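Notes to accompany the following structure.
If you're wondering where the values come from, they're calculated on a predicted model, not measured in any experiment. Chain letters run A, B, ... following the sequence lines, proteins first and then strands; every chain starts at 1.
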Protein chains: 2
Amino acid sequence: MTHPRADRPESPEERPVFTRVGGFVDRDAWTAEGWCKIERSLEVVGTRSAMILIREAFYGGRRFDELTRRTGLSDAVAAKRLKQLVDDGLMTQQPYREPGSRTRHEYVLTDRGRALFPVVVALMEWGAGLGGPSAGVELVHAGCGEPLAAAVRCTAGHDVSIEDTQARVKRSRSRR
Amino acid sequence: MTHPRADRPESPEERPVFTRVGGFVDRDAWTAEGWCKIERSLEVVGTRSAMILIREAFYGGRRFDELTRRTGLSDAVAAKRLKQLVDDGLMTQQPYREPGSRTRHEYVLTDRGRALFPVVVALMEWGAGLGGPSAGVELVHAGCGEPLAAAVRCTAGHDVSIEDTQARVKRSRSRR
DNA sequence: CTGTATCCCAGCGGATACTG
DNA sequence: CAGTATCCGCTGGGATACAG
């Protein structure tokens with residue numbers, strides 16, 4: 001049943017990608033009901049404005065003013081996207097009172113938003129490899145000062161490379 | 001100079017994000033010349049079509065037909081995006097000859113494309129947390145069968161959490 | 001200061017028809 | 001089979017003006 005099978009045994013210029021295991025899906029099963037988890041993610045954070053607002057939130061931005069100015073987004077776009085991020089549960093608006101002034105709201109990341117940490121790090125790392133100015137914000141480990149890098153591991157704790165990755169279809173005996 | 005400073009020392013409902021170190025940038029420096037590495041990434045893989053074509057390439061898709069059918073993209077969009085991905089150096093087109101038929105081209109990921117591995121894994125993992133059908137493609141470690149997860153580490157090898165992350169501005173004394 | 005409302009344009013992505 | 005060309009609707013995002 002879980003018997004390894006190379007889908008295209010010998011290919012020209014073998015550049016390893018995931019090993020496909022079992023009968024692999026085709027289009028019908030794919031697009032059927034949002035099976036692809038990447039597409040699901042992109043429906044929420046697939047826009048430029050969403051990702052850079054989240055970046056800015058990780059950098060510590062909280063107030064509307066801060067978030068728009070430091071992202072360079074227009075008020076309208078920022079407001080719309082922030083509302084969507086709140087609706088989607090990535091941020092919440094918390095009342096906040098500065099001594100002596102009236103109550104404000106601050107946007108703070110929820111756990112779901114904070115769970116994008118590896119995504120943000122991975123995108124930053126990959127973007128750094130594209131060339132361009134090497135200046136900008138750099139993320140480092142507070143403990144030792146070394147820069148961060150995204151890694152892939154299995155839940156058993158092993159480091160996993162692309163060659164060691166198997167892609168298999170998980171069927172969840174759904175009704176119908 | 002690199003003296004730690006909490007930008008907003010005590011905030012309501014302290015939800016940790018990155019510690020900002022040094023004078024933090026503002027909008028002018030930001031948008032100036034593409035300093036943000038995330039924005040740089042998004043200019044290349046910021047569209048839905050780009051990401052899911054790359055996903056499909058990781059799954060082993062190579063031929064134009066395969067890539068369009070399994071992504072559900074229209075021919076036109078797939079062709080346009082694939083051309084862009086080739087131009088941007090994420091894929092190459094390799095001639096490929098099936099015994100007995102004429103020469104074809106296959107799209108294969110370059111090293112730069114394959115470097116998106118952590119991004120893909122991180123997005124899949126995050127998307128799985130959004131709910132929806134739990135079926136679909138699952139990535140596992142071929143060695144032990146356990147599912148993959150994205151992790152963040154420093155180059156010294158320590159696991160790094162959000163709380164242990166410092167964001168600092170790297171100025172690269174650029175000309176002008 | 002924190003948004004909302006409107007107008008506008010560019011780009012994404014689908015559908016269809018056509019080429020080599 | 002592997003695209004290209006055209007048309008067209010939708011949305012993202014900027015600008016500007018206005019509101020609480």
Side-chain angles (χ1 to χ4, degrees), chain A residues 8 26-27 30-31 36 38-39 42-57 61-88 91-108, chain B residues 8 26-27 30-31 36 38-39 42-57 61-88 91-108:
Chain A
R8 182 184 302 275
D26 73 339
R27 195 265 164 92
W30 254 142
T31 49
C36 176
I38 291 184
E39 290 192 57
L42 293 183
E43 276 177 29
V44 182
V45 293
T47 61
R48 194 184 86 105
S49 54
M51 275 305 308
I52 65 181
L53 281 169
I54 287 170
R55 170 208 78 188
E56 207 47 51
R62 286 165 166 255
R63 295 212 316 266
F64 184 81
D65 171 63
E66 255 176 334
L67 293 171
T68 54
R69 187 164 34 83
R70 287 211 292 247
T71 55
L73 293 171
S74 69
D75 295 2
V77 173
K80 179 181 171 184
R81 198 61 55 200
L82 283 169
K83 177 176 292 185
Q84 184 202 306
L85 290 174
V86 169
D87 288 348
D88 289 338
M91 291 189 182
T92 51
Q93 272 188 298
Q94 296 190 349
Y96 165 61
R97 142 147 287 161
E98 256 173 4
S101 80
R102 74 191 203 290
T103 305
R104 299 283 170 68
H105 290 279
E106 292 200 321
Y107 293 91
V108 300
Chain B
R8 183 183 303 274
D26 73 338
R27 196 265 164 93
W30 254 143
T31 47
C36 176
I38 291 183
E39 291 192 56
L42 293 183
E43 276 175 31
V44 181
V45 293
T47 62
R48 194 183 85 105
S49 54
M51 275 305 309
I52 65 180
L53 280 169
I54 287 170
R55 170 208 78 188
E56 207 46 52
R62 286 167 165 252
R63 296 213 313 267
F64 183 82
D65 171 63
E66 253 176 335
L67 293 171
T68 55
R69 188 166 32 84
R70 287 211 291 245
T71 55
L73 293 171
S74 68
D75 296 2
V77 172
K80 179 179 171 184
R81 199 61 53 201
L82 283 169
K83 177 176 293 185
Q84 183 201 306
L85 290 174
V86 169
D87 288 348
D88 288 339
M91 291 190 183
T92 51
Q93 273 188 296
Q94 296 190 350
Y96 165 62
R97 141 148 287 161
E98 255 174 4
S101 80
R102 74 191 203 289
T103 304
R104 298 283 169 70
H105 290 281
E106 293 199 320
Y107 292 91
V108 300

*Quick one, give me the B/S/- string for nucleotides 7-12 of chain C, reading 5' to 3', where B means a protein heavy atom under 4.0 Å from the base and S means that only happens at the primed atoms, P, OP1 or OP2.*
-----S

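In terms of phosphate contacts, B:Arg63 brings a side-chain nitrogen or oxygen within less than 4.0 Å of OP1 or OP2 of D:dA2.
In this structure, A:Leu42 places its CG atom 13 Å from P of D:dG12, rounding to the nearest Å. Separating the CG atom of A:Asp75 from the C1' atom of C:dA5 is a distance of 13 Å, rounded to the nearest angstrom. For B:Arg69 and C:dG14, the CZ to P distance is 16 Å, given to the nearest whole Å. Between A:Leu82 atom CG and C:dC1 atom C1' the separation is 14 Å, expressed in whole Å. Counting to the nearest Å, the C1' atom of C:dG14 and the CD1 atom of B:Ile52 are 13 Å from each other. Between the CE atom of B:Met51 and the P atom of C:dG13 there is a distance of 12 Å, rounded to whole Å. Atoms NE2 (A:His105) and P (C:dT2) sit 10 Å apart, rounded to a whole Å. Between the P atom of D:dA2 and the CZ atom of B:Arg70 lies a distance of 13 Å, rounded to the nearest Å.
A:Arg69 has a carboxylate O that lies under 4.0 Å from a charged side-chain N of A:Asp65, or vice versa, which qualifies the two as a salt bridge.
You'll find that the side chain of B:Ala76 is closest to D:dA5, out of D:dG3, C:dG3, D:dA5. Looking at the side chain of B:Tyr107, the nearest of the listed nucleotides D:dA5, D:dG3, D:dA15 is D:dG3. When distances run from any side-chain atom of A:Ser74 to the nucleotides C:dG3, C:dG14, D:dA15, the shortest one goes to D:dA15.
Closest heavy-atom contact between B:Phe64 and B:Asp75: CZ-O, 3.8 Å. Scanning all heavy atoms of the two residues, the minimum distance from B:Leu85 to B:Val44 falls at CD2-O, 4.5 Å. Across every non-hydrogen atom of B:Val108 and B:Arg62, the tightest pair is CG1-NH1, 3.5 Å. In this structure, A:Arg55 and B:Cys36 approach most closely via the heavy-atom pair NH1-SG, 3.0 Å. Closest heavy-atom contact between B:Met91 and B:Ala57: CE-CB, 3.7 Å.
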*Where do A:Thr47 and A:Gln84 land on the side chain to side chain contact (heavy atoms under 4.5 Å, CB included) test, with the steps shown first?*
CA-CA 11 Å; A:Thr47 61; A:Gln84 184 202 306; 5.8 Å; no

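Residue contacts shown for A:Ala78 are absent, as no nucleic acid heavy atom lies under 4.0 Å away.
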